[in-house]
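Structure first, then comments.
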Amino acid sequence: MREPAPAAPGRFITFEGGEGAGKSTQVRRLRERLGALGIDAVATREPGGSTGAEIVRHLILSGAAKPLGPLAEAALFAAARADHLDATIRPALERGSWVICDRFADSTRVYQGVLGNVDPRLIAELEAVTVGETRPDLTLVLDLPAEEGLTRAAARSGAGADRFESESLSFHRSLRDAFRNLAAREPERCVLIDARADIDTVAEEVWRAVADRLQPPAPAGIGPT
Ligand code: TYD
């Protein structure tokens with residue numbers, strides 16, 4: 001008897017960028033667009049995306065872990081990520097779904113590594129043991145001036161700015177620079193997207209990057225015969 005063909009491995013796409021860049025909207029738009037092609041795509045986010053990781057999310061974003069410092073926060077993000085990968089991301093990829101994740105390991109590199117001054121060797125080690133081979137196939141870095149992003153984020157969260165939204169403007173400017181540098185250093189994986197444009201224009205840019213880099217299959221009945 002023939003073995004059933006293994007499911008085609010899914011693709012792993014991450015969105016990164018500063019606050020208020022519109023990542024969650026673009027995650028949703030991309031999932032819908034893939035869905036219209038008949039591709040099952042799971043939308044998820046970090047910190048969070050699994051039961052254990054959502055608990056850690058609360059611990060970090062409430063600011064409760066802030067007194068422990070950026071090193072402890074990096075370890076907590078890594079612990080949340082390990083659970084998220086095991087419970088959500090790897091099972092989805094193995095069954096052939098695409099995974100679209102709002103933030104991933106690049107956020108730890110930038111927020112805790114560059115901005116928090118945690119030793120880059122430790123950040124790299126944490127990434128190696130948690131992420132392993134499950135690296136993103138494509139990372140879309142949504143780029144926006146810090147002032148604009150903070151204004152958008154404030155409109156969204158009102159007085160309830162979270163642990164990182166409440167950092168200074170210079171923190172958010174450095175954040176933007178760090179994400180831009182990261183995208184420039186890894187052009188084979190990362191695409192920088194200008195997030196100042198309206199939602200539809202950004203969604204088109206995102207789609208162009210996905211179509212160019214990952215060549216999603218055409219829906220059945222369309223394409224070469
Ligand atoms: P979230 O409410 O998900 O906001 P955003 O829309 O900005 O993604 O908050 C996540 C916050 O956690 C965000 O400020 C970035 C930060 N963060 C890190 O500092 N390190 C990490 O590894 C991750 C995943 C997020």
Side-chain angles (χ1 to χ4, degrees), residues 13-33 43-49 57 60-63 66 70 73-74 77 81 100-118 120 123 127 136-214:
I13 302 172
T14 58
F15 279 84
E16 297 280 0
E19 313 290 324
K23 295 185 308 308
S24 50
T25 306
Q26 294 301 332
V27 165
R28 188 167 37 77
R29 294 286 292 258
L30 178 57
R31 184 169 60 90
E32 288 164 4
R33 189 134 187 191
T44 186
R45 67 162 181 193
E46 288 206 348
R57 175 184 175 90
I60 302 171
L61 296 190
S62 66
K66 187 176 176 183
E73 286 181 322
F77 279 115
R81 181 161 304 127
I100 312 167
C101 191
D102 186 343
R103 296 198 184 281
F104 192 63
D106 294 313
S107 283
T108 307
R109 290 192 201 175
V110 166
Y111 280 80
Q112 284 66 52
V114 180
L115 277 295
N117 276 317
V118 175
I123 298 284
E127 191 173 316
D137 297 299
L138 173 65
T139 296
L140 301 151
V141 179
L142 301 195
D143 179 54
L144 191 68
E147 293 82 347
E148 218 172 303
L150 283 177
T151 308
R152 288 191 196 175
R156 183 184 60 191
S157 34
D162 70 24
R163 157 77 182 84
F164 296 97
E165 279 166 20
S166 51
E167 291 281 356
S168 67
L169 179 59
S170 75
F171 175 96
H172 290 280
R173 287 193 175 133
S174 308
L175 199 61
R176 182 192 191 195
D177 291 344
F179 274 118
R180 290 172 67 97
N181 289 341
L182 187 143
R185 271 202 316 276
E186 294 193 39
E188 67 295 337
R189 172 172 67 90
C190 300
V191 176
L192 193 73
I193 306 266
D194 184 348
R196 285 172 303 180
D198 61 84
I199 289 173
D200 288 344
T201 308
V202 175
E204 262 325 299
E205 282 280 296
V206 165
W207 183 249
R208 197 150 28 142
V210 171
D212 283 358
R213 303 282 184 116
L214 303 181

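Throughout, numbering of the chain's residues begins at 1 and tracks the sequence. Keep in mind the model is a prediction, meaning the values are calculated, not measured. For the numbers below, each heavy atom of this structure counts, side chains included, while hydrogens, waters and symmetry mates do not.
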Hey, does the side chain of His172 reach the backbone of Pro145 with a donor-acceptor pair shorter than 3.5 angstrom?
no
Drop me the distance from Leu182's CG to Leu192's CG, to the nearest 0.5 angstrom.
10.5 Å
So, the side chain of Arg103 versus the backbone of Gly17: is there a donor-acceptor pair under 3.5 Å, distance only?
yes
Looking just at side-chain N and O atoms, do Tyr111 and Arg163 make a donor-acceptor pair shorter than 3.5 Å?
no
Mind checking the CD-CG spacing from Glu19 to Leu150? Nearest 0.5 Å is all I need.
7.0 Å
As a quick check of understanding, evaluate side-chain contact (heavy atoms from CB on, under 4.5 Å) for Glu148 and Arg152, giving each step before the final call.
CA-CA 6 Å; Glu148 218 172 303; Arg152 288 191 196 175; 3.9 Å; yes
For the residue pair Leu144 and Ala21, what are the closest heavy atoms and their distance?
CD2-CA, 3.8 Å
Basic-acidic side-chain contact under 4.0 Å: Arg29, Glu204
no
Search all heavy atoms of Leu175 against all heavy atoms of Gly18 and return the closest pair with its distance.
CD2-CA, 4.2 Å
Just wondering, do Phe15 and Thr25 contact through their side chains at under 4.5 Å, heavy atoms?
no
Does Glu16 use its side chain to pair, donor to acceptor, with the backbone of Phe104 at less than 3.5 Å?
yes
Quickly, which of Asp212, Leu140, Val210 forms a side-chain contact (heavy atoms from CB on, under 4.5 Å) with Val191? Name it, please.
Leu140
Please round to the nearest 0.5 Å and tell me the distance separating atom CG of Asp162 and atom CD of Glu167.
10.0 Å
Does Arg81 reach the side chain of Thr108, with side-chain heavy atoms less than 4.5 Å apart?
yes
Could you report the tightest heavy-atom contact between Val202 and Ala197, atom names first, then the distance?
CG2-O, 3.6 Å
Check this for me, if you would: do Asp177 and Arg180 make a salt bridge, where the nitrogen-to-carboxylate-oxygen distance has to be below 4.0 angstrom?
no
Can any side-chain N or O of Arg189 pair as donor or acceptor with the backbone N or O of Thr139 at less than 3.5 Å?
no
How long is the gap from CD1 on Ile13 to CG on Asp102, to the nearest 0.5 Å?
13.0 Å
Please tell me if the side chains of Arg176 and Asp143 come closer than 4.5 Å, counting only heavy atoms from C-beta onward.
yes
Could you go through Asp194 and Glu205, starting from their C-alpha distance and side-chain angles, then the distance that decides it, and tell me whether this counts as side-chain contact (heavy atoms from CB on, under 4.5 Å)?
CA-CA 8 Å; Asp194 184 348; Glu205 282 280 296; 5.9 Å; no
Please report the closest heavy-atom contact between Ala146 and Leu169, naming both atoms and the distance.
CB-CD1, 4.0 Å
Over all atoms of both residues, closest heavy-atom pair of Leu142 and Gln26
CD1-CG, 4.0 Å
Before giving the answer on side-chain contact (heavy atoms from CB on, under 4.5 Å), spell out for Cys101 and Glu46 the whole-Å C-alpha distance, their side-chain angles and the decisive distance to 0.1 Å.
CA-CA 7 Å; Cys101 191; Glu46 288 206 348; 3.9 Å; yes
Can you name the nearest heavy-atom pair linking Val141 to Ala183, along with the distance?
CG2-CB, 4.1 Å
Which value, rounded to the nearest 0.5 Å, describes the distance between Lys23 atom NZ and Ile193 atom CD1?
13.5 Å
The reported gap from CZ in Arg213 to CG in Asp137 (rounded to nearest 0.5 angstrom) is 11.5 Å
